Structures are given as structure tokens and as C-alpha cells.
2 protein chains.
Amino acid sequence: MRDAELTRQKILEVAADEIHKQGFTATSLSCILKRTGVSKGALYHHFDNKLELGYAVFEEVYTPQFLEAWRPAVEVEDPISGLIAFFSSYCQQADLDDLMCGCPLNNLCQEMSSVDEGFRVRILSLQQQLNTLIASNLDRVSDKLRDGVDTSQAAYFMVASFHGANNLAKSSRNTELFEKVIAELCSYIKSLST
Amino acid sequence: MRDAELTRQKILEVAADEIHKQGFTATSLSCILKRTGVSKGALYHHFDNKLELGYAVFEEVYTPQFLEAWRPAVEVEDPISGLIAFFSSYCQQADLDDLMCGCPLNNLCQEMSSVDEGFRVRILSLQQQLNTLIASNLDRVSDKLRDGVDTSQAAYFMVASFHGANNLAKSSRNTELFEKVIAELCSYIKSLST
DNA sequence: TTTGCAACCGACCGGTAGGTCGGTTAGAAT
DNA sequence: ATTCTAACCGACCTACCGGTCGGTTGCAAA
């Protein structure tokens, strides 16, 4: 056959990029078709409709990307310093264009979670997976943490702050400001350990 | 004359509500016209186009609303406890519908700051005004703060975390989770004072 | 060699969006 | 009473969106 799986992957890849940059609603299928060179008929052969394409992008592109990005940060001997190193290196490598696009999860959460239930549950599931990943690794070194730290609550707080920092960077178009907020986040994380 | 200012205010009010709930792009003029009972001609008499209407809503509705909501929290003798009380009461009064809509500033920041320069500078300006408001009031009681606290950085961090908490609440549709993140934010704020 | 069907094609459809424009009306100024 | 114009009206325009559908093509199995 004319490699159907390749076609599907090509659509998924371009759609992921486009949704990341423009948002889901603002992403037009015609733009995806133009960039991929795929016809509308082919796209609708692989995906029932735009929404299903969005779900597939979320599940097959964003979710693994996201979890694999965070995993190394916490699956080290000392997740506290691992998280600090993760945020710090993110600051250094991220240029303005990256910051302007923001985090796909954060973007979709903002745009779609109050509009479409299918997106909402997928976003929530990813957020819970991430929270479990962080919290369980913090629990692993609980003897090194301050007394009375709720690790799940702290993990949610860290991710929320990180997303908030991304939003700020978006409007300020200022990497320094982003770095400052991340610096404050790191000092908070430090304060969790004894 | 047929009260032109009233017409303008009616449009502004409904548009503010609609943009808050649907987002700027998803807000249709025809919906605003239906709700206000104003004709398209009248709307275009008062505003050059949709974008200018959006700017007017931001400047004349959101900006004052926002600053007046935060001001009492920091313009008290002890801004630390003022902020904690502000966040706590926000938690209690906010129901699920409020949380689903989110904060207009946060929403627009996410949706428009990377798409339209006019929105971006207005959002940035409001963020800086808010930062100044918080930081200057923290400076006022700097003798009661921990050594080495960068008040502007801390203020940006608080607002970023608050917005992040709103996003989380949106996708989780869970006020308890929101309260948890806010609780963690309050414990961070407490840690700023000696 | 024929047949069957997954894969693909693209013209076309209905709906809605923002925006335009020639005409009407209310009411203040003269 | 007349005039002038800000305020208002709504039919209409173009552009684009997601989605449909009858037709075509390439490949593998029979």
C-alpha cells in the first residue's frame, strides 16, 4: 500500500506543531493539508473529524513527550535538586520563540478544558499522571523533606507555578522575567528539603 | 440624542462578559448584538472593529476591575496576611462556574498575547501595574520580611502561581484541588515573613 | 488476470464570521 | 419650521471554516 502509517504520522506531526503554535480552534485543516501535502480525503480517512485528530495529537504526541521530559528530573537520587536542575536548564535553553508558544498542555488546558469534555478528561489525566510521577518520587526521599510537606499538593503547586511562569513570559516577551519567576520557584523547592 | 453613552456601555458590559466566558476569538459580534439588542450599525458606529472593541473592554472594564480587586489585599497594615486573606476568601467564594471561566487577564494572556501585539502590550502593562502595587506594599514592610527577599520577583511569582492554580482548577473541575494549590501558595507567602 | 478494498482525491456544501454601506431617524441648533 | 448630523439600522458581501461524497488508484490476495 501507499504507506498509510507514514501519512498518519505526518498529519499527526504537523497538527501537533500547528496546535502548539496556533491553538486548537485557530488551527485550520487546510493549513495542515498544505504543509503535509496530504489531501482532505486522506485526512478524513485517518481521522473522523477535527476533534478526533486533536485527541490523537494529545494522546500520541503531547502525552509521551511531556512525561518523558519530566521523568528524568525526578527519577534521580535527589528529586529536589533534579527538579531545580530541570527548571534551570529549561530557562537556559528556551529562547523567545519557545516561550511565546508556551507549553502545549498549559495552552490546551486554558483553551479547551472548559469547551470540550473529551479534551478536559485527557488533560486532567495527564496532569494526574504527572502529579503522581513527581509526588511518588518526593515520597521516596521523604526523610530528607521538611516535616508536614504534602508531596502531592507541593507537586501540583510546582507545575501550576511553572505554567504561570510560562504565561507571564508569553506576555512580557522577556526571558529575564521568566528566569526570575523560575528562580523564585527553585527557592521554594529548596525550602521543601531540610 | 438617543443616549449614545448608554449604548456604548451596554456593548462594553456584554462584550466583557462574553469575552470572559468564551474568549476573544470565539466571541461573535452577532451574539453581542443579540444580547444587547443593539444593531450592527450601532456597534460599528462606536467601535472601529472587533479588535478595538476588545481593547476597550480590556482598558475600561478588566483593568480597573482587576486592580481594584487586588488593591485592598495589599493596602493594609500587613500585606502578608492581607494577601493570604485575599486568596483564602477567593477560594471560599468561588464556585465551580467562576473557576471554569477563569481570570480574564489570565485567559487573554494565554489566548491573545502571542497573536496580537495590541493585546500583548495592554496585558503586560496591567501585569506591571499589579506587580508594582504588590511589590511596593511589600517593600513598605520590608523590615518584617526575611532577608534577601526580592519583592518584585516574589510578587510575580505569586500572581503566576495564582494563575496556574486557576488553570488547574479549570481542567480538574475540582475546587478542592484548587484550594490545595492555594494553600501551598499561602504557605509560601507566610515563609516570606520572619 | 481479475477482483476487492484500503487509501486517497478534490470539487462542492451549508453555515458563520467580521465587515460594509446606503438609507433612516431623532433631536439640537439656528 | 428648517436644517444638519450623530446615532442607528439591517441587508448584503466576501472569506473561510469543517465536513461530505462520488470517483479514482494502487496493491495484494485469489
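Computed from a prediction, not measured in an experiment: that's the story for all the values here. A note on names: the letters A, B, ... follow the listed sequences, proteins ahead of strands, and every chain is numbered from 1.
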Distance, rounded to the nearest Å, where Tyr44(B) contributes OH and dG19(C) contributes P = 4 Å

How close or far is atom P of dC8(D) from atom CG of Leu6(B), stated in whole angstroms?
-> 9 Å

Atom-pair distance (CZ on Arg8(B); P on dA6(D)), nearest Å | 17 Å

Using whole Å, report how far CG of Leu33(B) lies from P of dG18(C).
-> 9 Å

Validation row, ring centre Trp70(A) to ring centre Phe87(A) under 6.0 Å = yes

Would you mind checking if Lys10(B) and Glu13(B) are paired as a salt bridge, meaning a charged N to carboxylate O distance below 4.0 Å?
-> no

Which part of the nucleic acid, if any, lies within contact of Lys50(B), taking any heavy atom under 4.0 Å across all strands shown: a base, the sugar-phosphate backbone alone, or nothing?
-> sugar-phosphate

Length of the line joining Lys40(A):NZ and dC16(D):P, which is rounded to integer Å | 13 Å

Given atom CD1 of Ile32(B) and atom C1' of dG18(C), what is their separation to the nearest angstrom?
-> 12 Å

Ignoring backbone atoms, test whether Ser39(A) places a side-chain nitrogen or oxygen under 4.0 Å from the OP1 or OP2 oxygen of dC8(C).
-> no

Respond yes when some side-chain nitrogen or oxygen of His45(B) is under 4.0 Å from OP1 or OP2 of dA7(D), and no when none is.
-> yes

For the pair made of CG in Leu29(A) and C1' in dC17(D), what is the distance, rounded to whole Å?
-> 8 Å

So is Lys50(A) actually on top of Phe24(A)'s ring, under 6.0 Å and inside 45° of the axis?
-> yes

Just to confirm, is there a sub-4.0 Å distance from OP1 or OP2 of dC16(D) to any side-chain nitrogen or oxygen of Ser28(A)?
-> no

By nearest nucleotide on DNA chain D, pick out whichever of Thr25(A) and Gly41(A) is the more 5' one.
-> Thr25(A)

Does Lys170(A) make a cation-pi contact with Phe178(A), if we ask for NZ or CZ under 6.0 Å from the ring centre and within 45° of the axis?
-> no

Closer than 4.0 Å, any side-chain N/O of Ser30(B) to the OP1 or OP2 of dA17(C)?
-> yes

Separation of Phe24(B) atom CZ from dA17(C) atom P, in whole Å?
-> 14 Å

Taking only Lys NZ, Arg NE, NH1 and NH2, and the carboxylate oxygens of Asp or Glu, determine whether Lys21(A) and Asp17(A) approach each other closer than 4.0 Å.
-> yes

Does OP1 or OP2 of dC8(C) have a side-chain N or O of His46(A) closer than 4.0 Å?
-> yes

